[in-house]
Structures are given as structure tokens and as C-alpha cells.
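Structure first, then comments.
FYI, side chains are in, hydrogens and waters are out, and symmetry mates aren't considered; it's all heavy atoms of this structure. Each ligand, and each atom within it, is numbered from 1 in the order the structure gives. Throughout, numbering of the chain's residues begins at 1 and tracks the sequence.
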Amino acid sequence: MFEKILIANRGEIALRVHRACREMGIRTVAVHSTADADAMHVRLADESVCIGPPLARESYLNIPAILTAAAITGADAIHPGIGFMSENMRFAEMVQQHGFTWIGPDPEHIRVMGDKVAAKLKAKELGLPLVPGSAGALASVDDAVTCAADIGYPALIKAAAGGGGKGMKVGRDEPSLREAYQLARSEAKAAFGDDTVYMEKYLEKPRHIEVQLLGDGKTVLHFGERDCSIQRRHQKVVEEAPSPGLNAEERARIGNIAASAATKFGYRSAGTMEFLYQDGEFYFIEMNTRLQIEHTITEMVTGIDLVREQIRVASGLPLPYKQEDITFEGHAIECRINAENPETFVPSPGVIKSYHAPGGLGVRVDSALYDGYRIPPHYDSMIAKLIVHGRTRNECLLRVRRCLEEFVVGGIDTTLALHQRIIAQQDFLNGDYDIHWLEKFLAKSKS
Ligand code: ADP
């Protein structure tokens, strides 16, 4: 097993990885930008190295600085966390070339799944069900029009390099599709430096269902599904496990489909296959070759520390479980809390004047906040995850409501108030929602 791991990330996710390391008796190295010198992930780590100025591309995305930090501290392995370098094939390769262990999948797997056009071809080969769409990248706007005529409107243009919901535009008829094609391409070019786009049938009322996977290169097990349909601008806001929209047969079916495809792929490490689910059918949309923010709710219902397992398989150990050893208990919900105005969603960095995190049975708060902490304006606005477990979904919902009332983050705007509104909605309480529900709710409450 490793003696020392460098965690190439910041904030709550760096802390999350640190905690798993500590429980495994592994020492940790934090890296940080000058803006994060006072951050909790730096305070708790055994050692820390400043890797550059506040801008992410000069610090958290600075490959030479991170590799140098690993070399001078004598780290054995590098964990990329989530975001930043976690799906950067080049970084994964360089970590390995410099003699460190990469705590993540084979770089080739990152490459294949990172390009959504290549990923869909691979998914087809692995026998996964796909959303009807273009066979590969679209060659021109006329190609898009021909393809849409074939699969039917509405049609969705998506960026091959996509992520975070960027470069995704709907066309409801030919003129709006032509516009969507141009808009998606320019958004993709700006966000990813690559304007390759493809097409999928736009589903009108799907749920987003994803399956947590963990493989050791020989076997891949599934850890059940998460329902991440509560989204704003195609980004997840609330997640729950299990999904209130699936029955036992559907749950088992999608878990097995995902695990057997990932086994055929020879996958090692933690990963997630994402599907849309509508009218009893599942459609693969992408695979994330990393840990996900919402892995926490899976941990709550399975009792398994996924980061620990990810580190173990990276060190070459086989999975210590069989599929039947993974059992599920109760219900878990995660609320992503952002430093943003809860109505306009404008980021609200600044100093935390008062902080109180809820506690009690079944409550976990993953956050790097503390009283007096200054949230820098340079990074993602997610500042905390409220993760709640209950024996039943109803118990879990009542507990989430209680925790939201108790949570205090003073001095800045947060989306706590948005979560309080969501948890008060009958549709949400009934589990009766799809991926468009939150947008519609927000639009309705504005008018
Ligand atoms: P990204 O990598 O940008 O997150 P995804 O392919 O994972 O993109 O899709 C993100 C979200 O966009 C999905 O969870 C879903 O809400 C929506 N979406 C994606 N594909 C479709 C589709 N074919 N029809 C309707 N909504 C879709």
C-alpha cells in the first residue's frame, strides 16, 4: 500500500480524499494556489506545497508544478479528486511516466470516454442501449438537418468534448435546429477549444439515472443507481439513491447492464455510467472515468468508502467483494450548496462570518468551510454538500428539511434557500420529477 499520496485538488473533495487516506494510515500532501494558503485542505494535510498563483491554469492545472510537488515530497501516488485533472488523459500518462501511481483508470479509458463521439461508438460495441442520434460527429449543418429528419424532432446538438452541460442546444424544427447547430458549435469552441458536435434525439421527460461502478481491471461491480434529475442548466443540484422512479426489476437491470459493459471494457477504478430513463427504457449518455461529487449518497446506502476502494485497486489489490456482497440500506439525498444568490445564481465569494453545519443521526456534511474563511472568487462555487441518510425515503426527506433549517453559512449568499424551496414541493416529495422539473419550477416561481 502507498505511504504518501499527493492530492491534486482543493476544497471539499481534497478533504474527502484526505479523510480516506488518513483512515488507511497513508500520509497526504496538499497542493494549493496562493489564494488557498489558508484553506482547510492545506491545514489538515501532512505536508503542503504552493503550486502557483490563483488562476487554475497556473496552479491546479499546472502539470509541471504538480509533478514537481510530488517529487520533492516523495509521494508514491497522485489522486486527482474531481474536476481539474481528473479526466485529463495527458496528466494521467505523465503521472505514470514520472514513476508515480495514478489513482484513476487506464489513461486510454479516459481518452475513449472523454470524447463523447468515440464514447458512443465504444458504448455501442459494449452492447449499451443508446439514444437515437447521429452515427458520429456531424459534418455540416445540412448533415444535422438530414439526421434530424431521420430521428425526428426535437433534436439535441451536443459537444463531443462536452462537460458541465456546455455546448448543448435543442432544435424543435429545421430553422431552430440550424440555429442550435451554430450556437452549440460556438459554445463548444469557447468552452473546450473544439467545435465538434453530434446529435441525439431530445428526450422530453427523462430521468437522469447513473450507475456507480468500481473495477479492478478484471471484474467491475455496481453499487446501485443514483437519480440526478434535479438539475439546473444540465447541472445536478440534488441527487438521491435509490431512484424513486425505478422498480426493483429496472434497478437490477440497469446495474447489471452497466457492470457487465464496464467489465468487458476492462475498467479499473471508480467510474459512473450515466443514462437517461424514459418510459421503462434506459439510454446511455456518457461514462465519467472518475469519482463523482454525488458518490457520497452511494456510500451512505452501501456503507462502503468508495475512495478507499479506489485507492486499494490503484495499488493493485483486487476488489474484496462480490456483487452479492454489495447490499443497500435505506435512502440517501445530497444537496449541493453553492456560494451563489439563490434567485439569480450570481456567485457570491467572500468571508464566512458565521458557520454552523447540521449534525445528528444520518447526517454528513462534506465541506471545507470554517468560520472566518474567505472563499476565493477563482474556483467552482460549490462550497458544501449536505448528505442525509434515513431508513426510508420519507425519514430521509424529513431529515433533509430539518438539516436545511439548521444549516448556517453567514456573510455570503448561498443556495440553501433554493434547497428549502425544493424540499417543500409536493412533486419532489412524491419523487415525481424529471430532468426538466427544476427549470420549470424556477420559471414558474419567477413569473
Ligand atoms: P455533460 O457532460 O455536459 O454533463 P451529458 O451528456 O452528461 O453532458 O448530459 C447532461 C444532462 O443534459 C443530462 O443529465 C440531461 O439532463 C441532459 N441531456 C443530455 N442528453 C439529453 C437528451 N438526449 N435528451 C434530453 N436531455 C438530455
Side-chain angles (χ1 to χ4, degrees), residues 82-83 86-88 110 112-123 128-134 137-138 144 147-148 150-172 177 180-181 183-185 187-192 194-212 225-240 243 245 254 258 271-279 281-294 336 380 382 433-442:
I82 297 173
S86 60
E87 287 176 298
N88 184 322
I110 300 180
V112 171
M113 291 300 171
D115 174 338
K116 294 186 157 197
V117 172
K120 291 196 87 166
L121 294 175
K122 177 53 83 177
L128 288 162
L130 297 180
V131 193
S134 55
L138 293 168
C147 182
D150 193 33
I151 62 171
Y153 287 96
L156 183 65
I157 308 283
K158 296 174 81 171
K166 294 204 183 76
M168 224 185 274
K169 299 284 169 213
V170 189
R172 296 202 168 265
L177 179 74
Y181 176 85
L183 281 174
R185 282 190 50 171
E187 202 172 294
K189 182 83 188 166
F192 314 112
D194 175 357
D195 60 5
T196 311
V197 293
Y198 64 104
M199 185 184 291
E200 272 177 11
K201 172 104 187 138
Y202 181 69
L203 301 179
E204 298 277 13
K205 48 179 180 51
R207 301 183 84 106
H208 173 116
I209 303 288
E210 59 183 37
V211 179
Q212 175 68 53
E225 90 285 8
R226 297 183 284 259
D227 192 320
C228 312
S229 305
I230 302 288
Q231 301 183 353
R232 181 178 165 270
R233 300 207 169 151
H234 306 300
Q235 294 201 39
K236 298 159 190 169
V237 176
V238 178
E239 302 98 346
E240 54 181 318
S243 167
I254 195 59
T272 300
M273 280 193 190
E274 300 192 330
F275 298 86
L276 294 177
Y277 166 85
Q278 185 172 290
D279 302 326
E281 298 295 332
F282 293 96
Y283 306 94
F284 172 85
I285 47 173
E286 68 165 339
M287 178 170 184
N288 288 317
T289 50
R290 56 170 167 81
L291 201 66
Q292 309 252 118
I293 290 174
E294 63 276 20
R336 297 189 186 194
D380 191 86
M382 195 187 75
Y433 55 80
D434 60 36
I435 60 166
H436 307 300
W437 181 85
L438 180 59
E439 295 278 8
K440 284 185 196 152
F441 169 67
L442 292 172

Enumerated ligand 1 atoms positioned under 4.0 Å from heavy atoms of Glu274: 7 (O)
Test item: Asp227 and Tyr433 side chains (from C-beta on) under 4.5 Å apart, heavy atoms: yes
Heavy-atom side-chain contact between Arg172 and Tyr153 under 4.5 Å: no
Taking [X] first and then [Y], would you say they form a salt bridge - that is, a charged N and a carboxylate O separated by under 4.0 Å?
X: Glu210; Y: Lys236; result: yes
X: Glu187; Y: Lys166; result: no
X: Lys189; Y: Asp195; result: no

Backbone or side chain, does any N or O of [X] fall under 3.5 Å from an N or O of ligand 1?
X: Gly164; value: yes
X: Gly163; value: yes
X: Pro206; value: no

All side-chain hydrogen bond (donor to acceptor under 3.5 Å, both in side chains) counterparts of Arg232, not counting sequence neighbours: none
Partners meeting side-chain hydrogen bond (donor to acceptor under 3.5 Å, both in side chains) with Asn288 (sequence neighbours left out): Glu274, Gln292
What residue and heavy atom of the protein are closest to [atom], and at what distance?
atom: atom 24 (N) of ligand 1; answer: Leu203 N, 2.9 Å
atom: atom 26 (N) of ligand 1; answer: Ile435 CD1, 3.3 Å
atom: atom 3 (O) of ligand 1; answer: Gly165 N, 2.6 Å
atom: atom 19 (C) of ligand 1; answer: Lys158 NZ, 3.3 Å
atom: atom 2 (O) of ligand 1; answer: Lys116 NZ, 2.8 Å
atom: atom 7 (O) of ligand 1; answer: Glu286 OE2, 2.6 Å

Parallel, tilted or perpendicular: rings of His436 and Tyr202 (30°, 60°): tilted
Ligand 1-proximal atoms of Lys201, by part, heavy-atom distance under 4.0 Å: backbone
Heavy-atom nearest option to atom 16 (O) of ligand 1, drawn from His234, Gln231, Met168: Gln231
Over all atoms of both residues, closest heavy-atom pair of Phe284 and Leu130: CD2-CD2, 3.8 Å
Within-shell test, Glu204 vs ligand 1, heavy atom, strictly < 4.0 Å: no
Within-shell test, His436 vs ligand 1, heavy atom, strictly < 4.0 Å: no
